Amino acid sequence: MERRRGTRKGKRLAPYLLGAPAAIWLGVFFLVPLVTMMSLSLQRCDSVTLACRMIWHFGEFPEQVSQFRPFFMRSLYYAGSATVIDLLVSFPIAYWIAFRAKRKNFFLLMLLLPFFVSFVIRTISWQFLLSDQGILLGTLKNLHLLPENFHVLATGTAVIAGIAYNFLPFTALPLYVSLERIDPHVLEAAHDLYASRRAAFAKVTIPLAVPGIFAAFLLTFVPGAGDYLNAQILGGTSNGMIGNVIQNKFLVFFDYPAASALSAILMGVMLIGIAAYAKVLGSRTIEEYI
Amino acid sequence: MPEVDVRLERVTKEFGDTVAVDDLSVDITEGEFFSMLGPSGCGKTTTLRMIGGFEDPTYGTVYLGGRDVTDDPPYRRDVNTVFQSYALFPHLNVFDNVAFGLRRKKVGKEEIQRRVQEVMHLVDLRGFGERKPGQMSGGQQQRVALARALVNSPKVLLLDEPLGALDLKLRKQMQLELKRIQQEVGITFIYVTHDQEEAMTMSDRLAVMRRGRIEQLGEPEEVYDNPATEFVAGFLGASNLLDGEIGSHQDGITTIKLSTGSTVLVPSDRMPPDVETQVKVGVRPEKITIRNDSEDLPAGYNSVSGLLRVATYIGVSHQYKIDGPGGTELTVYVQNLGAVTPPAPGEKVSLAWRPEHTFVVKPSASLSEEEEEE
Ligand SMILES: Nc1ncnc2c1ncn2[C@@H]1O[C@H](COP(=O)(O)OP(=O)(O)OP(=O)(O)O)[C@@H](O)[C@H]1O
Ligand SMILES: [Mg+2]
């Protein structure tokens, strides 16, 4: 009896014990910095000595929002456009690999191979590619297919293209996983029940891929909106994203309260957006499938 | 004369080196209950899939209602399938699963409601409409699969082991229901099963398949009482087989000499047309009467003698295992009439049966190899 109770107790504790490392990790590397950041945004710091003092200054938030509204808007717009592009581009690829390809692993590797190269190097090579007299535009201009003053670099388009390119695997992989999990017999059953290819796609494939689409969206949009490297390398001076502002405030101006407030705002906006989005199509289905 | 509903004409399906279905031809008539049975991997599912349109035949033609549909996709064939693996839509609840086909055919809302309720009642799943397939047992899922196909009242229904996951009682109940539906609505059923009893009791005709070919096709009694090959004799029910050699034909009676020296008589019209001299002589266990060796045989009966090894009493009948001539093991079923004292193990017995209960098949060399595959 005694022993059995012991094992049962062990069983009850097991989830907590197993979860402990993750909890400690999250506590130390996520919760503590988060709280620090939140509290920093309410403090005032001396820009020379960097000594900070809590003054409960909530005014930082509306101030930053009004001052950097265009940067916020650009972040959401660039990341949103890039996510849409990524979904449109990678869905057919993921679909093809999941349902049609003979050597799935090979094609998955081909899809991921470019991303074994460092993020910065990849982005800089886009700079070469898109530069005014570079391989792409230079050639097209020499062939008089483009006007001489045409340029892509230092535009929003370049930033969107960079983000879309850099985050493609984060879209493609979740999509692939969700499509690959669909039992082909289920699609046959749809055809058997008079669904044309198009109807089967709309009524069966897409609904079953929804959790993957949702995951792909999260994994692309969230880091995309916080990204600053693409804007910095490809965006020139007038297309900065909120990430660039935060980076500047932190590392150039040492304005920690402002940087913290901006980060908190970005986080808040995205959490609210995602919660709303999940309400509409995500959470219910995620619960059901996972 | 009912019309041919499904016709397979010299259909072959190859998967790489595997020949799943081998030059198979069959005509299935309208409203018929047609069963296919055979060992695992003999091509039953592949045959159904070609009728349903999920597999293109490598060679040959598929006709439905007289029309060549070989190149038609599944959704243009008035055929529904109950898949071996159910293949329910995991994101839809039971009601929406069942209503799927009707909605694609743009049936009105009220009619959908009515027909789905009706068929859910039929498969004994009332009140399960809101459940997701993942929240149901295997047997319940199987019944959803059945309902999902039945609700469309197609002309032809393909059923791939549709009752395999059900317990005996539910299985018997569903067998009766299916047979009733099939007769009432006049749907052509093409039914795959591993259960020979199920095939025998439900089918108008059945085909025993082996290695992608139909080994024998006919009405259940015909196939059972007069199996065409050693394989069919062994696959469909128990049978006793003895080696023999064809002797004389006289007055419509063929004499076959057993390897032990005794002879067996068979009506000549029960002889298969294409046998050579070496044959196997068979008789079903329930056709044999067992008697003590001393007793006289009824005139005109075939008989062999042997040593009773095992006697098993299973209520309705006695089962006996007898060491027969030439090291064969023979099985006898005797109905439990309770009148005579049954023979006991260790006794010498003689087994007798009527010539017209005797069947003759060609010996097939590779039977044991087939059994290994299973
Ligand atoms: N998609 C496929 N690719 C390769 N081989 C296949 C494929 N489908 C079936 N086969 C092979 O074809 C043969 C017939 O298979 P089939 O599924 O028709 O058998 P079955 O009679 O339905 O067996 P079971 O009773 O086990 O369901 C088997 O040898 C199988 O391995
Ligand atoms: Mg099968």
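Numbered from 1 within each chain, the chains take letters A, B, ... in sequence-line order. No hydrogens, no waters, no symmetry mates; every other heavy atom, side chains included, goes into these values. Values in this document were obtained by computation on a predicted structure and should not be read as measured data.
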Taking a cut-off of under 4.5 angstrom between non-hydrogen atoms, the residues of residues 75-87 of chain B near chain A are B:Tyr75, B:Arg77, B:Asp78, B:Val79, B:Asn80, B:Thr81, B:Phe83, B:Ser85, B:Ala87
Output for pair (A:Leu193 CG, B:Arg104 CZ), nearest 0.5 Å, gives 9.0 Å
Any chance you could measure B:Phe89, atom CZ, to A:Asp183, atom CG, to the nearest 0.5 Å?
-> 11.0 Å
Between B:Pro73, B:Gly101, B:Gly52, which residue shows the highest count of heavy-atom pairs closer than 4.5 Å to chain A?
-> B:Gly101
Chain B-proximal positions within residues 184-192 of chain A [heavy-atom distance under 4.5 Å] = A:His185, A:Val186, A:Glu188, A:Ala189, A:Ala190, A:His191, A:Asp192
Crowded around [X] [atom1]? As in, over 12 foreign heavy atoms under 6.0 Å?
X: A:Phe99; atom1: CZ; result: yes
X: A:Trp25; atom1: CH2; result: no
X: A:Tyr77; atom1: OH; result: no
X: B:Glu110; atom1: CD; result: no

Residue part contacting chain A, namely of B:Leu158, when any heavy atom lies under 4.5 Å = neither
Carefully, step by step, assess A:Val210 and B:His91 under the rule side chain to side chain contact (heavy atoms under 4.5 Å, CB included).
-> CA-CA 10 Å; A:Val210 160; B:His91 60 299; over 6 Å; no
B:Phe100 versus A:Ala195, closest heavy-atom pair with distance = CE2-CB, 3.9 Å
